[in-house]
Structures are given as structure tokens and as C-alpha cells.
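Heads up: the structure comes next, in C-alpha cells.
For this chain, numbers begin at 1 and follow the sequence in order. As the structure is a computational prediction, the values presented were derived from the model and not from experiment.
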Amino acid sequence: MSPLSVLLIYFIAINAVSFVQMGYDKSLAVEGKRRVPEKRLFWFAAAGGAAGTWAGMQFWRHKTKHASFVYGIPALFILNVLGYGWIFTLL
């Protein structure tokens with residue numbers, strides 16, 4: 001398996017997990033149950049899943065009024081793009 005394939009699989013997986021995690025947290029919030037820690041949501045976004053987190057925020061209308069998410073996730077998205085771009089140049 002080529003390094004580019006590994007990077008693509010990682011990108012898809014981390015963003016899928018991030019997207020689902022936002023939906024899961026939203027469902028827990030609606031049910032009034034114990035939630036996914038915000039720190040975990042941010043860690044997944046910082047680890048390359050900011051696109052999935054951002055998409056999940058919009059799709060489920062979740063965390064869209066929290067300034068830390070409204071500004072933090074797009075900032076992490078930009079860092080993710082730069083990071084993926086840098087890794088891509090190394091391949």
C-alpha cells in the first residue's frame with residue numbers, strides 16, 4: 001500500500017469518526033445524558049478530522065453557538081489543510 005493510500009484512508013477515517021462523534025454528542029444532548037467531552041471533540045479535529053467535525057456541526061446544528069467551536073474548528077480546519085498539504089509534499 002502506498003503512503004498516499006494510507007494518508008487517504010486516514011483522512012477518510014478520522015473525518016468520518018469526527019462527523020459521527022458530533023452526531024452522537026448531539027443525540028446525547030437531546031436525551032439529557034452524559035456527553036462526549038469537548039476536549040475529545042477538539043482532539044479529533046486537531047488530529048486531522050476538522051472537516052468532519054465542521055460538517056457535523058452544520059449537519060446536526062450542534063455546537064454552533066459556542067465561540068470555541070465557531071472559531072476554533074475552522075482554525076483547526078486551516079491547520080489540517082496545511083498539515084495534509086505538507087505531508088503530501090513529502091510523499
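- Within a 6.0 Å radius of OH in Tyr84, other residues, nucleotides and ligands contribute more than 12 heavy atoms.
- The minimum heavy-atom distance between Leu7 and Leu91, with the atom names listed, is CD2-CD1, 4.1 Å.
- By the criterion of side-chain heavy atoms lying less than 4.5 angstrom apart, applied directly or through intervening Ile, Leu, Val, Met, Phe, Trp or Tyr residues, Ile9 is grouped together with Val6 in one hydrophobic cluster.
- Between Lys33 atom NZ and Tyr24 atom OH the span is 7.5 Å, to the nearest 0.5 Å.
- Shortest non-hydrogen contact noted between Leu76 and Ala45 is CD1-CB, 3.9 Å.
- Nearest heavy-atom pair across Thr53 and Leu41 is OG1-O, 4.2 Å.
- Atom CG in Asn15 sits 9.0 Å away from atom CZ in Phe77 (nearest 0.5 Å).
- Taking the side chain as every heavy atom from C-beta outward, Trp86 and Leu90 approach each other to under 4.5 Å.
- Asn80 and Gly49 make their closest contact through OD1-N, 3.4 Å (heavy atoms, listed as atom of the first residue, atom of the second, distance).
- Under the 4.5 Å side-chain heavy-atom criterion for grouping Ile, Leu, Val, Met, Phe, Trp and Tyr, Ile14 is connected to Phe88 within one hydrophobic cluster.
- Taking CD of Gln58 as the start and CD1 of Ile73 as the end, the distance is 11.0 Å to the nearest 0.5 Å.
- There is a path of hydrophobic side-chain contacts, each under 4.5 Å, that joins Val17 to Leu8.
- Taken from CD1 in Ile87 to OH in Tyr10, the straight-line distance is 8.5 Å, to the nearest 0.5 Å.
- Arg35 is linked by a salt bridge (Lys or Arg N to Asp or Glu O under 4.0 Å) to Asp25, counting only residues two or more places apart in sequence or in another chain.
- A single hydrophobic cluster is seen to contain both Val81 and Phe42, as judged by linkage of ILVMFWY side chains at heavy-atom distances under 4.5 Å, directly or through other members.
- The heavy-atom pair separating Phe69 from Lys63 by the smallest distance is CB-O, 3.5 Å.
- In this structure, the side chains of Phe19 and Phe44 stay at 4.5 Å or more apart for every pair of heavy atoms.
- Heavy-atom minimum distance, Thr64 versus Met57: CG2-O, 3.5 Å.
- With a 4.5 Å cut-off on side-chain heavy atoms, Phe59 and Met22 do not count as touching.
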